[in-house]
There are 2 protein chains.
Amino acid sequence: MPTTSCGRTHDVYDASCPCRHMLDLLANKWSALALGALEDGPRRFGALRTKLDGVSPKVLTATLRRLEEHGLIDRTVYPAVPLHVEYSLTPLGRDACEPLALLRRWVVDNIERFPEAAVPAGARATSRAASGA
Amino acid sequence: MPTTSCGRTHDVYDASCPCRHMLDLLANKWSALALGALEDGPRRFGALRTKLDGVSPKVLTATLRRLEEHGLIDRTVYPAVPLHVEYSLTPLGRDACEPLALLRRWVVDNIERFPEAAVPAGARATSRAASGA
DNA sequence: CCATCTTAGTTCCCTTTGGATACCAGTATC
DNA sequence: GATACTGGTATCCAAAGGGAACTAAGATGG
């Protein structure tokens, strides 16, 4: 059973352990993508919106706010006109990127092993990837 | 840009790439916990329900079905009485456990670094971990 | 002076998913 | 006949996800 420096036991399988809450935060499609998008340096809201193909502004805002609340990213407002807002990784966020990057990478590396039937139709035929980019 | 053996480009950031769908499946609290719970060998529905503290039977069923559809776990029914159903990892599922285990572990190892305010009240005070187990 | 463009969101509404609780089927046992 | 065990459904409600339109603030430009 994993124990931290302060001697308390932590377990993601325990619903009342803070770990569970953090796992819920990180084991999330948009969180994993947003943190990964910030690995190469700060990005603006619009850039993230473009990078995270398919995200709605509402969900992106909610995701970024949640990551900020949990100390994984910083939100910096430059009061220029037009408004300029930059999101960047905190040290904690940068560290969290490691396991998330491995997960994203594993998916890409092993996608061919998944049964065809499991992939929804829309993602097979009309995919950018399938058009031979 | 990552490329697979068949030469096609895959990118989790592309909403229409099958990768995105798979990331959505794996970057999920219950999936990450369920796969991890099967690492030490097959488990029955009831055992998973106990292990995955706080999961409702409906959600557990849905999670297991989804993992089964995507070829990550096998569902074996032993027509004994009372009914006996076992869930086990497929080779693909076993491989997927690696990055997920790293993620779960990272959370446990770094939980103390998260700001206190970010942890919901219920998880701090009345936690099993806090009671000095 | 008013319309337009930009960025970074918010608001609304609807659908999907998550979650809690109750209940069911099949059979063996008491 | 009542009870218990396993592995789920059924039902109901709340929360989150998602699409589209709209807002704010100020520069720009006719």
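All chains are named by letter (A, B, ...) in the order of the sequence lines, taking the proteins before the strands, and each is independently numbered beginning at 1. These numbers come from a predicted model, not from an experiment.
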May I ask you to decide if the ring planes of A/His84 and A/Tyr78 are parallel, tilted or perpendicular, using 30° and 60° as cut-offs?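 The rings of A/His84 and A/Tyr78 stand perpendicular, inter-plane angle above 60°.
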
Ring geometry between B/His21 and B/His70 (parallel below 30°, tilted from 30 to 60°, perpendicular above 60°):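 Geometry flag for B/His21 against B/His70: tilted rings.
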
If you draw a 6.0 Å radius around CD in B/Glu98, do more than 12 non-hydrogen atoms from other residues or ligands fall strictly inside?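 Check fails, neighbour count at 12 or below.
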
What I'd like to find out is whether the side chain of [X] reaches to under 4.5 Å of the side chain of [Y], using heavy atoms alone.
X: A/Leu52; Y: B/Tyr13; value: yes
X: A/Cys19; Y: A/Asp14; value: no
X: A/Val108; Y: B/Leu23; value: no
X: A/Arg75; Y: A/Val77; value: yes
X: A/Arg66; Y: A/Leu72; value: no

Which nucleotide, D/dG18, C/dG9, C/dA22, lies nearest any side-chain atom of B/Pro57?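 The answer is C/dA22.
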
Write down the distance between [atom1] ([X]) and [atom2] ([N]), rounded to a whole number of angstrom.
X: A/Lys58; N: C/dA8; atom1: NZ; atom2: C1'; answer: 16 Å
X: B/Arg66; N: C/dT17; atom1: CZ; atom2: C1'; answer: 10 Å
X: B/Leu60; N: D/dT9; atom1: CG; atom2: P; answer: 11 Å
X: B/Arg65; N: D/dG7; atom1: CZ; atom2: P; answer: 12 Å

Counting only heavy atoms and a strict 4.0 angstrom limit, can you tell me which residues of residues 25-53 of chain A come near DNA chain D?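 Going residue by residue through residues 25-53 of chain A, the ones with a heavy atom under 4.0 Å of DNA chain D turn out to be A/Asn28, A/Lys29, A/Trp30.
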
DNA chain C: B/Thr63 or A/Thr61, which has the more 5' nearest nucleotide?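 Result: A/Thr61.
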
Taking the nucleotide of DNA chain D with the closest heavy atom to each, which residue, B/Asp24 or B/Val85, is nearer the 5' end?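 That would be B/Val85.
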
Ion pair present between B/Arg113 and A/Asp95, side-chain N to carboxylate O less than 4.0 angstrom?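 Counted as a salt bridge, because a side-chain N and a carboxylate O are separated by less than 4.0 Å.
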
Below 4.0 Å: OP1/OP2 of C/dA8 and any side-chain N or O of A/Tyr78: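 Answer no for this pair, as no side-chain N or O of A/Tyr78 is under 4.0 Å from OP1 or OP2.
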
Could you run down the sub-3.5 Å N/O contacts of the protein with nucleotides 25-30 of chain C?
none

